[in-house]
Every structure is written in C-alpha cells, then in structure tokens.
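To start, the structure under review is shown below, and the notes come after it.
In the text below, chain A, chain B and the rest are named by the order of the sequence lines, each starting its count at 1.
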There are 2 protein chains.
Amino acid sequence: MRIAVDVMGGDFGCGVVIEGIRLALEQNPRIQAIYLVGQRPGIEQALEASGFQDPRVQIHHASEVLTMEDRPVAAIRRKKDCSIVRAVDLVKSGKAEAMISPGNTGGIVAAATLKLGTLPGVERPGIATVIPAPENEFVLLDSGANIESKPNHLLQYAVMGHVYSREILGHKKPRVGILSVGTEAIKGNELTLEAFRLCEKIPINFIGNVEGHDLFRNRVDVVVCDGFVGNIVLKTCESLAKGMLTWLKAELMKNYKRQLGALLARNAFRAITRRMDPDGYGGAPLLGLNGNVMKAHGAARERAIMNAVRITSDTIQHRINRLITEEIATALECLARDKSQVAANAYA
Amino acid sequence: MRIAVDVMGGDFGCGVVIEGIRLALEQNPRIQAIYLVGQRPGIEQALEASGFQDPRVQIHHASEVLTMEDRPVAAIRRKKDCSIVRAVDLVKSGKAEAMISPGNTGGIVAAATLKLGTLPGVERPGIATVIPAPENEFVLLDSGANIESKPNHLLQYAVMGHVYSREILGHKKPRVGILSVGTEAIKGNELTLEAFRLCEKIPINFIGNVEGHDLFRNRVDVVVCDGFVGNIVLKTCESLAKGMLTWLKAELMKNYKRQLGALLARNAFRAITRRMDPDGYGGAPLLGLNGNVMKAHGAARERAIMNAVRITSDTIQHRINRLITEEIATALECLARDKSQVAANAYA
C-alpha cells in the first residue's frame with residue numbers, strides 16, 4: 001500500500017513526523033511507498049539530520065502550508081499548493097491509497113470533501129475518534145468535522161461508526177447509541193429525536209439514547225452526535241483525564257510517605273497513563289469520503305504518527321469504504337421500504 | 001430564613017433527606033423553619049425512627065410524588081398535589097424563601113417556571129452546576145434546564161453565572177466564556193456565534209469562546225452553553241472522573257506491592273476523591289426564576305442534602321435574585337444603547 005503524509009502541519013515540525021514514519025516503516029512491510037508531502041528543503045534537511053534512508057520514501061514538494069489560523073475553505077482555495085491539498089491530490093489521482101495529516105482539521109475536511117467527494121449515500125464526512133474507557137473503548141463520531149448536522153447525517157454516522165467499530169476495533173455487534181440528555185426515546189433535541197426514529201429502522205445494533213453517564217461504563221461502543229457536541233465532549237474528556245493525572249501527581253509529591261507509596265505503586269499509574277494516552281491511536285479517520293483520510297493529532301509526536309500510519313494501513317486493508325458504501329445502501333433501502341409501507345398503510 | 005424541602009423525590013427515600021436536614025439545622029442557626037413536603041405518614045415514620053425533633057421542622061402534606069418516568073409538563077398538570085408542586089407553592093405564597101428538591105429535574109423546572117415565572121429580563125431559567133477542577137472550580141450553565149436555547153438565553157446565562165460566581169464562589173471578576181469548538185470568534189455554531197456578539201457588548205469579564213481543553217486548566221470561571229450540551233458535558237465529566245478513580249483503585253489492588261503503595265499514599269487519593277465528590281455541593285440552583293429553587297442530586301445522601309441546604313441559605317443571604325435582576329437590566333440597556341448607536345450610524 002501507498003500512503004501520502006502531510007509532514008508540515010504538526011506542532012513539532014516535519015522532523016518528528018518523519019521519525020514517526022521511520023518507526024512505522026520498520027514495523028510494517030506491507031507499506032510499499034510513503035510520500036512525504038511538504039517543503040522539499042525542510043524535508044531533505046530533516047532526512048539528512050536523522051540519517052533515515054528507505055527506498056520506499058519519496059518527497060512530494062508543496063510550497064505552502066495551511067496554518068491553524070487560516071479559515072479552512074477560503075485558505076484551501078487560496079493556497080492551492082499547500083501540503084494538505086497536495087496530499088489529497090495524491091489520493092484523488094490514485095497514486096496513494098490514503099493520506100495522513102496532523103494539520104488544521106477544518107482544512108483537511110474542506111480539502112478532502114471538495115476534492116474527493118463523499119461516498120454514495122453519505123452527505124457529510126465524520127471524524128471517528130476512539131476514546132479509551134476503563135473496561136472498553138468507544139468510537140465517538142462526529143468529533144468535529146461538521147458543526148451543524150441534520151438527522152440523516154447522524155444516521156450515516158451510526159452506520160459508519162458501526163462498520164469502523166466492527167472492522168477495526170473487532171466488536172462483532174457494536175452497540176450504537178445517540179448521545180442525548182436521557183435514555184428514554186422522548187429525551188433529546190429536535191436533531192436527536194428524529195435521528196433516533198431513523199436509527200431504529202436500520203439493521204444495526206441500535207441501543208437508543210446514551211447519556212454522558214454511560215460513556216465510561218462499558219455500555220456503548222459507538223457514540224453518535226453532531227460535530228459540535230462531539231468536539232466539546234472529546235476535548236473535555238482529554239482535559240479532565242489529563243487534569244486528574246496531573247493533580248494526582250501533585251498530591252503524590254506532597255510528602256515523603258506519599259512519594260514512597262507512589263514509587264511502590266508506579267506500575268498502576270503507568271498502566272492508566274499508557275491506556276489514556278491519545279498517542280496510542282495517533283489520529284482519527286475522516287469517514288464517509290471517497291478516499292482514506294486520517295487526521296493525526298496536531299501535537300502528534302513520533303509514536304502517535306507511527307500509530308496513525310498503522311491504523312491507516314488497517315483501514316486500507318479492511319476496505320472500510322467499500323463496506324460503508326454497501327451498508328449505507330442497505331440502510332437507505334430499509335428506510336425507503338419503511339416509508340413506502342407507511343404510505344401503503346395510509347391508503348389501506 | 002425558611003426553606004421548603006421536597007423529601008420525596010430522592011433515590012434513597014425520605015429518611016436520608018430528613019437526616020441531611022438534621023445535619024444542616026445543627027450547623028445553621030439562621031434557618032428559622034424547614035418545611036418537609038411529602039406524604040405525611042412516611043415523614044412521621046422517618047422522624048420517629050431517627051428520633052429527630054426540632055421545633056423549626058414542620059410537615060406539609062402532599063399526597064402525590066412525581067417519578068423519574070413522568071413526562072414533566074403533563075405530570076405537573078395532572079399531579080397537582082405532588083411534593084414538587086407543593087414545595088414551589090410555599091415559595092410562591094411567600095411562606096418559604098426557597099425550595100429544594102432531589103426529584104425529577106424536568107418536573108422541577110416545569111413547576112417552578114409555570115408557578116413562579118422568571119425574573120424581569122430573563123426568558124429561561126438555567127441550572128448552574130459547580131464543577132471542581134484541579135486548581136479551581138467553575139460554574140457550568142445551563143446544565144440541563146432548557147434543551148433548545150436561543151442566543152438571548154445564553155446572554156442571560158452569562159450574566160446569571162457571572163453574578164453567581166462572584167457572590168457565592170467569591171470570584172471578584174469571574175472569567176465568563178462560551179463553550180464552543182475553537183477559541184476564535186469565528187468558531188462555533190449559529191447559536192454560539194450570535195451569543196458571542198451579544199456577550200461582547202455587556203459589562204462582564206467576557207473572555208470569548210472556551211473549548212473543552214480549557215475547562216480543567218483554570219482558564220474560565222463561568223462556562224456558558226445550552227442545556228443539551230451542558231447536560232452532556234456535566235454527566236460525561238462525572239462519568240469519566242468516577243471511571244478513572246474506579247480504574248485506579250482496581251490497578252492498585254492488583255498485587256501486594258501496589259497495595260502497600262496505595263496504603264502509604266492513601267491521603268493523596270482521599271484529597272482527590274473528596275474534592276471530586278459531587279456531594280460537596282449537593283445540588284445546583286435553578287437561576288433566573290422569581291424565587292429560589294435548588295435542584296439536589298437524585299442520588300443525594302445525607303451530606304449532599306446538608307450542603308444543598310447550606311448553599312440555598314447562602315443564595316438567600318446574598319439576595320442573588322435581586323442582583324441578577326439589576327445586572328440583567330444593565331446588560332439589556334447596554335444592548336439597546338448599542339443597537340440605537342448602530343442605527344444612528346447607519347443614518348449619519
């Protein structure tokens with residue numbers, strides 16, 4: 001498989017991204033080519049500094065970089081030679097089977113949607129983020145691709161999350177829930193109430209509404225919501241988990257007795273820190289596009305990039321997009337059949 | 001001061017609520033009367049069983065109870081003699097200065113809004129929940145009173161949260177932010193974008209948008225959002241914090257070495273557990289109503305009820321509602337002045 005990586009958009013410069021790619025290539029013999037997309041002089045310098053040489057690695061020059069301050073859609077139109085756009089172009093032309101970028105999320109969504117388009121039956125792409133919980137892990141989508149969603153979009157997220165959870169995370173029959181303010185079918189806002197009615201009719205394991213309380217209690221595998229709510233939930237969880245660990249550390253350092261205790265129990269803390277570490281996934285796929293696109297964390301370090309490459313490779317291998325297309329088509333057929341049945345009953 | 005307490009709606013029965021009231025009365029000599037609202041036989045039995053006698057305590061019989069399964073507005077109309085409605089009636093008639101209920105949130109919001117009405121200039125009440133963070137604590141509102149909000153409502157929440165944070169939590173100049181998906185003014189959905197423009201014009205310390213990442217990093221004192229987002233964020237935080245502590249406990253019990261470490265460091269864990277404990281506040285006020293209404297946790301135990309009584313007493317003493325009315329009026333004047341200036345400029 002061949003993967004394009006935008007090496008420019010990360011917080012730590014292209015050297016860190018390239019080092020992550022080196023680790024990924026060491027582990028993964030299935031990768032035939034990696035295209036490093038970005039400013040050639042900087043990339044060449046980083047390659048030389050690290051002494052990294054691999055015939056599978058090629059540089060694809062792109063003169064511009066999209067910054068976090070750029071307004072996505074306008075910037076994509078203005079900066080035609082930016083690394084995100086060039087990496088998407090490689091997917092569009094078929095030269096690469098997937099692209100990875102740690103850059104501006106809005107820019108990636110805009111470039112990928114404009115250039116690749118969505119899969120048949122999918123109206124909007126959604127970012128599917130895997131969140132670790134004490135006893136399991138769940139996929140949250142959309143975690144920020146689309147701010148204003150419609151019920152149909154949530155239905156499509158439900159199907160896409162179902163496929164992703166089954167194929168990549170190995171849940172045979174993922175429990176899919178809509179994130180709302182109560183578990184009863186009558187609880188929610190206009191968007192979730194209508195999405196609930198749609199999701200009941202399609203062949204997935206739809207468990208109804210889930211609340212914030214359910215997320216970390218192993219009650220749901222796929223959490224469906226609009227991108228505004230999803231982005232807030234994702235960032236709140238990251239902030240709270242990090243805050244609690246920092247806080248615990250500060251409390252443990254307060255006196256010698258506690259420090260000794262912390263030393264004896266250090267493997268317990270390590271187990272938790274490792275599991276909560278966002279670098280374990282390294283990124284989140286943008287599902288629903290006519291091409292494989294992975295958003296890596298802006299603050300991705302070497303290990304995160306390595307893992308983002310690994311997950312991208314899994315996604316390609318499982319042919320997620322073909323499965324999404326098929327299962328979206330089945331879901332839409334179910335809804336159409338239901339609609340015509342309702343109409344028939346009305347005439348009967 | 002005189003406070004009505006709905007003793008029926010909690011998860012653990014009226015005995016626990018009554019015991020919490022006993023603790024509160026022991027601490028607080030300013031309380032002149034507590035009305036126990038609910039089914040007389042059960043209350044008398046609980047009082048007798050606990051041997052609790054205090055001349056300040058009076059029973060107010062209410063024959064019905066609103067359950068968690070009841071649809072709020074319909075149930076309030078149907079169950080006219082339920083404890084929530086009767087407790088609100090005591091506030092409306094002036095017999096009590098405040099009411100506390102651990103019952104159905106929707107029922108409390110509906111009964112209080114219908115019977116008491118909102119303060120001048122306030123269109124919707126909001127639940128203001130205090131959330132502990134490592135270095136500070138912040139108020140989240142609305143955390144679930146109103147599911148569908150308008151920009152004006154968020155503006156009013158900003159003013160109410162500002163007053164509450166200043167008066168009850170002692171922040172001289174609380175930092176007020178709108179919860180959104182990016183800190184830039186251009187980030188957000190229709191609701192938050194317009195609310196941002198309004199909040200810029202009023203005399204509070206408005207710091208703009210805040211993200212999920214900012215919540216547990218001591219960057220904001222008042223977090224403004226609609227009740228759908230607020231309820232999800234609140235419950236997600238409770239679920240994650242609880243999940244992490246349970247998980248840590250499980251890891252620490254895995255072998256003798258870790259257990260010994262945990263024993264030595266136990267005060268560090270206790271400090272965190274105590275601070276994260278929702279019983280420390282015991283409840284959240286429903287701000288913006290023409291009367292003081294406190295929602296206690298459904299799962300409130302004795303200590304939570306005691307603290308809910310304490311905070312209610314603080315709220316009465318600080319005359320929060322008078323201050324909210326004044327500062328909402330000032331905010332609305334600012335907006336009106338700004339509007340007429342814009343109009344004048346257009347003609348100039």
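At distances below 3.5 Å, not a single donor-acceptor pair connects side-chain atoms of B:T236 with backbone N or O atoms of A:V233. Judged by distance alone, with hydrogens and angles left aside, the side-chain atoms of A:S239 form a donor-acceptor pair with the main-chain N or O of B:F216 at under 3.5 Å.
Remark: A:R77 CZ is loosely packed, at most 12 non-hydrogen atoms of other residues, nucleotides or ligands lying under 6.0 Å away.
Proximity to chain B is absent for every atom of A:L234, based on heavy atoms less than 4.5 angstrom apart. With a 4.5 angstrom heavy-atom cutoff, A:E190 touches chain B via backbone and side-chain atoms both. Residue A:V181 touches chain B through both its backbone and its side chain, counting heavy-atom pairs closer than 4.5 Å.
Distance check: B:R258 CZ to A:F269 CZ gives 9.5 Å after rounding to the nearest 0.5 Å. Distance check: B:L179 CG to A:K235 NZ gives 10.0 Å after rounding to the nearest 0.5 Å. In this structure, NZ in B:K187 is found 8.5 Å from CG in A:N231, a value given to the nearest 0.5 Å. Note that CG of A:N267 is 6.0 Å distant from NZ of B:K257, once rounded to the nearest 0.5 Å.
Using non-hydrogen atoms only and a strict 4.5 Å limit, the part of residues 240-253 of chain A facing chain B consists of A:L240, A:A241, A:G243, A:M244, A:L245, A:W247, A:L248, A:E251, A:L252. Using a 4.5 Å heavy-atom cut-off against chain B, the contacting residues of residues 136-155 of chain A are A:I147, A:E148.
Chosen from A:C237, A:A133, A:G188, A:S180, the residue pairing most often with chain B at heavy-atom distances under 4.5 Å is A:S180. No other option in A:R266, A:E238, A:R71 has as many heavy-atom pairs under 4.5 Å with chain B as A:R71. For chain A, the option among B:A265, B:G106, B:P134 with the highest count of heavy-atom pairs below 4.5 Å is B:P134. Comparing A:A268, A:G261, A:A262 by heavy-atom pairs within less than 4.5 Å of chain B, the highest count is held by A:A268. Comparing B:D214, B:V229, B:I232, B:L263 by how many heavy-atom pairs each has under 4.5 Å with chain A, the most go to B:I232.
Side chains of B:L191 and A:F228 form no contact here, defined as non-hydrogen atoms less than 4.5 Å apart.
Here B:R217 pairs with nothing under the salt bridge (Lys or Arg N to Asp or Glu O under 4.0 Å) rule; sequence neighbours left out. Under the side-chain hydrogen bond (donor to acceptor under 3.5 Å, both in side chains) criterion, B:D226 pairs with no residue, sequence neighbours left out.
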